[in-house]
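Along the sequence shown, residues are numbered consecutively beginning with 1.
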Amino acid sequence: MAEIELNQLRAFILVAQKGGLVGAANRLKLTPSGISLRIKRLEHEIGIQLFERKPNKLLLTEQGQIFLGRVKRILDDLESAVSLPERNEGVWAGNVSIALGSDLQPFLAPRIAAFVKNHPTVRLSLSARESTTTLQLVQDDEVDIGIGRFATVPPGLRKTHLFFTALQAIYPKNHPLSAYKKPSLRDLSLHALILLPPRSATRRAIDKTFSSNGIELRRVIEAGGCFGIKQLVQLNLGVGLVHDICMVTDKDRDLRVIDVSNLFPKFEVSAIHKKSRHLTLVHKTFLGTLSDSLPPRFSKKASPQRAS
């Protein structure tokens with residue numbers, strides 16, 4: 001029977017993901033030659049050529065691709081086993097790495113804090129990234145789970161619904177928009193609109209809504225996130241369109257808010273992970289914590305609404 005070591009399998013997975021020895025060596029704090037030696041020993045033990053050697057690049061062979069899928073399942077099962085709750089202490093052990101949008105962090109912060117408090121032995125790492133970057137981090141196995149707004153995901157990823165958000169218009173006191181209880185798209189278009197950048201799913205949906213209704217925006221000011229939008233609105237530069245979750249913890253009384261969810265589609269916030277990655281009980285409990293005790297307007301199922 002082949003004597004395979006875990007460090008050989010981890011080196012193999014990293015080389016397969018990075019496409020070379022240097023990236024894997026940096027990750028494991030080893031030399032490229034050390035990684036190469038582990039791969040050669042692994043190939044010798046199992047009697048399979050895992051990589052096709054190219055100049056400055058290693059490509060998985062067909063057998064290597066099959067082996068990669070099996071190794072990932074084995075390591076995921078092993079991680080799940082060692083992450084089971086300890087009966088005597090009632091706590092969990094393990095690592096959870098998450099990437100999520102910066103505008104989601106304040107809304108989810110109380111639930112994340114509750115998870116950390118209830119499971120103090122879990123090592124949780126969080127990074128703030130836009131949805132497109134989050135998706136790439138999940139694909140590259142840089143994080144376990146990504147949380148954001150994803151219109152579509154590649155076939156190799158699985159998407160799990162968490163909750164819905166809707167858009168609100170925000171503006172300063174005494175702004176002309178105050179005269180409207182339910183502004184129309186055309187009413188909004190008469191003012192400078194402070195929006196997210198075009199690369200965001202939210203901005204694309206906003207642009208599509210105005211365009212499909214034959215309305216041209218006169219002036220658009222872009223901000224990097226909902227907090228940037230709020231700051232520009234406070235400076236009286238225009239009307240901001242932000243997600244309702246951005247206003248949940250907002251205590252600034254200088255801003256006025258109008259619900260415009262009847263004009264724009266709802267936005268689904270989802271968790272994504274690779275189908276080949278087995279989620280442990282720690283991961284599943286974390287996701288459950290995020291969706292527990294949500295206000296009704298977030299937890300209800302919603303379908304896109306046509307703008308009028």
Side-chain angles (χ1 to χ4, degrees), residues 100-109 128-134 147-151 162-269 294-295 297-298 302 304-308:
L100 72 163
S102 58
D103 62 329
L104 295 171
Q105 286 187 331
F107 178 70
L108 296 177
R129 298 288 190 273
E130 61 182 18
S131 293
T132 52
T133 303
T134 294
I147 299 173
R149 301 177 187 91
F150 310 100
L162 294 179
F163 55 89
F164 287 99
T165 67
L167 289 181
Q168 294 179 330
I170 59 175
Y171 52 93
K173 288 180 179 178
N174 303 319
H175 189 278
L177 202 62
S178 301
Y180 301 91
K181 290 185 178 180
K182 284 289 185 180
S184 66
L185 287 173
R186 196 164 297 280
D187 295 331
L188 293 175
S189 70
L190 298 177
H191 307 281
L193 293 183
I194 306 174
L195 308 174
L196 294 171
R199 66 178 180 273
S200 70
T202 300
R203 173 64 180 281
R204 291 196 296 270
I206 291 173
D207 289 345
K208 182 178 180 180
T209 299
F210 279 106
S211 176
S212 62
N213 284 270
I215 299 175
E216 183 178 355
L217 297 181
R218 297 185 178 184
R219 185 184 175 199
V220 172
I221 301 173
E222 294 178 2
C226 66
F227 300 105
I229 292 177
K230 288 194 286 186
Q231 289 177 337
L232 295 179
V233 170
Q234 288 169 339
L235 294 173
N236 203 22
L237 294 179
V239 175
L241 293 180
V242 299
H243 289 276
D244 45 12
I245 59 172
C246 294
M247 307 303 294
V248 170
T249 60
D250 185 49
K251 299 179 181 179
D252 196 326
R253 299 181 181 275
D254 292 333
L255 294 180
R256 294 292 181 262
V257 179
I258 293 181
D259 179 14
V260 291
S261 60
N262 62 308
L263 303 178
F264 300 97
K266 296 288 192 292
F267 295 83
E268 183 184 28
V269 175
L294 285 170
R297 73 176 186 273
F298 298 113
Q305 300 180 9
R306 178 175 294 180
S308 58

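For A128, the side chain to side chain contact (heavy atoms under 4.5 Å, CB included) partners are S102, Q105, not counting sequence neighbours. Checked against ring-ring contact (aromatic ring centres under 6.0 Å, His included), F267 has the following partners two or more places apart in sequence or in another chain: H243. Residues meeting the side-chain hydrogen bond (donor to acceptor under 3.5 Å, both in side chains) test with N236, sequence neighbours left out: none. When the salt bridge (Lys or Arg N to Asp or Glu O under 4.0 Å) test is applied to R149, the partners found at least two apart in sequence or on another chain are D103.
In this structure, OG on S131 lies 9.5 Å from CG on L100, to the nearest 0.5 angstrom. F107 contributes atom CZ, which lies 5.0 Å from atom CZ of F163 (distance to the nearest 0.5 angstrom). The distance from the CG atom of D244 to the CD1 atom of I170 is 12.0 Å, given to the nearest 0.5 Å. The structure places CD1 of I258 at 10.0 Å from NE2 of H175, a figure rounded to the nearest 0.5 Å. To the nearest 0.5 Å, atoms CE (M247) and CG (D259) are separated by 12.0 Å. Between I245 atom CD1 and T165 atom OG1 the span is 5.5 Å, to the nearest 0.5 Å.
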From CA spacing to verdict: side chain to side chain contact (heavy atoms under 4.5 Å, CB included), I147, T134
CA-CA 7 Å; I147 299 173; T134 294; over 6 Å; no

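The stretch residues 193-226 participates, sequence neighbours left out, in these ring-ring contact (aromatic ring centres under 6.0 Å, His included) pairs: F210-F264. For the salt bridge (Lys or Arg N to Asp or Glu O under 4.0 Å) condition, the pairs that include at least one residue of residues 191-210, sequence neighbours left out, are E130-R199, R203-D207, R203-E222.
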Show me, pair by pair, the donor-acceptor contacts under 3.5 angstrom made by side chains of residues 187-195, not counting sequence neighbours?
{"from": "D187", "atom 1": "OD2", "to": "S184", "atom 2": "N", "distance (Å)": "2.9"}
{"from": "D187", "atom 1": "OD2", "to": "S184", "atom 2": "OG", "distance (Å)": "3.1"}
{"from": "S189", "atom 1": "OG", "to": "R186", "atom 2": "O", "distance (Å)": "2.7"}

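Nearest heavy-atom pair, G228 versus A223, reported as atom, atom and distance to 0.1 Å: C-CB, 3.8 Å. Heavy atoms only, all atoms of each residue included: G240 and V233 are closest at N-CG2, 3.6 Å.
You'll find the side chain of L196 reaches within 4.5 Å of the side chain of I229, heavy atoms only.
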